[in-house]
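Notes to accompany the following structure.
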Amino acid sequence: MTATRLAARTLIRLSGEDVAGFLQGLVTNDTRILAEGRPVWAALLTAQGKAQWDFLLWPDGADVLVDCEATQADALAKRLTMYRLRRPITIARDETLAVHWRPDMSEEPETRPFADPRLPGLGCRWLAPVIDNETADLAWRTWRLGHGVPEGIDEIGADKTLWLEANAIELNGVSFTKGCYVGQENTARMNWRQKVNRRLVVCEVEADPGEAARAWYPDLGLAVAPVRVEHLRAGTVVTLGSAGARPIVPAWLAAAITEEQPA
């Protein structure tokens, strides 16, 4: 049986009074989508509109489950608790469930998988108990980077990347019709002006790009780095540190940068 569990992910359960409403005023996406029974990708930003944490939100009755990096769960739960104030909401890890993934929807329909809300090509995810010790983390990383999608602290960073630079519009991670949230003003302004000058992209590299890249995967020959939009449009090799790099511009991103105004 092919492994499906993503051990690098964990779940934070929020339960109590109007949990979705509480998150609505904090995160980048519209939590009313959760009422439709499907997950959404979102982030918690700084006041300047830079990503602190990205995650998926899952509905579970009146509760909401936050599908996040296991290494960041405690810090994220602490921040959410700070915002909670005196609301009667419980915020804690849920160790009874795990995040599962596979690259297609064709197997085991009883697991009730959902297509990844960022991009159909990313495959499907579902929540279920841990069934074995095998993990799919390496397969997921390879599949995700192959589709040009960065995620997490190592790639997007904390307080390093403006949310729209992380391709939040194209990957369905932001709503411009919901109410206010932390970092909303600068995010909305960038969208209105169509001034996203850089994009966080996956690049093919042959050597260590150093600090010019957010993350480097020598086993895959790939790195994740911010690249100016004009270089992406030109399709040329760029320099990351002392290494040459060829940005991967998937179709979903190519259409977006073509439509944007020049920087």
Side-chain angles (χ1 to χ4, degrees), residues 6 9-45 49 51-69 72-73 76-77 79-80 83-84 87 89-91 94 97-102 104-105 109 111-128 140 144 147 149-152 156 162-188 190-192 252-253 255-256:
L6 298 181
R9 308 291 293 187
T10 196
L11 295 164
I12 301 171
R13 180 178 292 274
L14 280 72
S15 57
E17 183 179 301
D18 191 18
V19 170
F22 164 64
L23 291 171
Q24 182 78 331
L26 295 177
V27 306
T28 58
N29 220 328
D30 193 338
T31 61
R32 290 174 294 187
I33 296 173
L34 298 174
E36 301 172 9
R38 53 192 175 95
V40 297
W41 185 51
L44 191 61
L45 309 182
Q52 295 191 92
W53 296 279
D54 71 297
F55 39 77
L56 276 76
L57 300 176
W58 293 80
D60 186 22
D63 293 357
V64 174
L65 290 164
V66 184
D67 167 357
C68 65
E69 292 179 280
Q72 295 298 313
L76 176 54
R79 181 59 58 89
L80 292 172
Y83 284 125
R84 178 187 61 184
R87 292 181 179 88
I89 293 174
T90 300
I91 302 171
D94 188 332
L97 295 171
V99 180
H100 296 261
W101 165 84
R102 62 173 175 260
D104 59 64
M105 299 279 288
T111 58
R112 295 191 67 246
F114 286 88
D116 193 298
R118 288 167 287 188
L119 196 69
L122 287 179
C124 68
R125 296 165 88 97
W126 69 97
L127 307 181
W140 161 243
R144 174 176 58 79
H147 285 78
V149 178
E151 73 172 11
I156 297 177
L162 292 164
W163 188 227
L164 299 192
E165 293 178 344
N167 310 309
I169 296 176
E170 296 72 30
L171 296 174
N172 305 308
V174 63
S175 170
F176 295 109
T177 59
K178 61 173 280 184
C180 294
Y181 56 89
V182 179
Q184 181 263 347
E185 183 176 355
N186 197 37
T187 303
M190 287 183 67
N191 179 60
W192 182 73
W252 58 263
L253 179 56

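The figures here come from the full heavy-atom set of this structure, side chains too, leaving out hydrogens, waters and symmetry mates.
Atom CG in L26 sits 10.5 Å away from atom CG in L45 (nearest 0.5 Å). Between the CG atom in D54 and the CD atom in Q72 there is a gap of 10.0 Å [rounded to 0.5 Å]. The distance from the CG atom of L97 to the CG atom of D60 is 7.5 Å, given to the nearest 0.5 Å. Atom CZ of residue F114 and atom CZ of residue R38 lie 9.5 Å apart, to the nearest 0.5 angstrom. Going from atom CD1 of I33 over to atom CD of Q24 covers 9.0 Å, rounded to the nearest 0.5 Å. The structure places CD of Q184 at 9.0 Å from CZ of F176, a figure rounded to the nearest 0.5 Å.
Listed here is the closest heavy atom pair of V182 and Y83: CG2-OH, 4.0 Å. Residues R84 and F22 share a closest heavy-atom pair of CA-CE1, 3.7 Å. Considering all non-hydrogen atoms of both residues, T10 and A73 come closest at CG2-CB, 3.4 Å. Residue C68 comes nearest to F55 through the heavy atom pair CB-CB, 4.2 Å, listed as atom of the first residue, atom of the second, then distance. Nearest heavy-atom pair, W252 versus H147, reported as atom, atom and distance to 0.1 Å: NE1-O, 3.2 Å. Looking at every heavy atom in both residues, W163 comes nearest to A51 through CE3-CB, 3.8 Å.
Panel note: side chain K178, backbone V27; a donor-acceptor pair is recorded below 3.5 Å. In this structure a side-chain-to-backbone donor-acceptor pair under 3.5 Å is missing from R118 to V149. Checked by atom type and distance alone, the side chain of H100 pairs as donor or acceptor with a backbone atom of A128 at under 3.5 Å. Under a 3.5 Å cut-off, the side chain of E69 and the backbone N or O of R9 do not form any donor-acceptor pair.
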- Message: Please determine whether side chain to side chain contact (heavy atoms under 4.5 Å, CB included) holds for the pair R125 and W140, giving the CA-CA distance in whole Å, both sets of side-chain angles, and the decisive distance to 0.1 Å.
- Response: CA-CA 11 Å; R125 296 165 88 97; W140 161 243; 3.6 Å; yes
- May I have the step-by-step check of side chain to side chain donor-acceptor pair (under 3.5 Å) for N29 and W41, ending in yes or no? CA-CA 7 Å; N29 220 328; W41 185 51; over 6 Å; no
- side chain to side chain contact (heavy atoms under 4.5 Å, CB included) between V40 and N172, intermediate numbers included: CA-CA 8 Å; V40 297; N172 305 308; over 6 Å; no
- Message: Is there a side chain to side chain contact (heavy atoms under 4.5 Å, CB included) between T28 and T187? Walk through the geometry before answering.
- Response: CA-CA 9 Å; T28 58; T187 303; 6.0 Å; no
- Task: Give the C-alpha distance, both sets of side-chain angles, the deciding distance and a yes or no for side chain to side chain contact (heavy atoms under 4.5 Å, CB included) between I12 and L14.
- Result: CA-CA 7 Å; I12 301 171; L14 280 72; 4.0 Å; yes
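A side-chain contact (heavy atoms from CB on, under 4.5 Å) with V19 holds for exactly one of L57, V64, I91; it is V64.
Note on D116 versus R144: no salt bridge recorded, every NZ/NE/NH1/NH2 to OD/OE distance being 4.0 Å or above.
For the pair V99/L127, a side-chain contact is recorded, criterion being any heavy-atom separation below 4.5 Å from C-beta on.
Heavy-atom contacts from other residues, nucleotides or ligands closer than 6.0 Å to CD of E17 number 12 or fewer.
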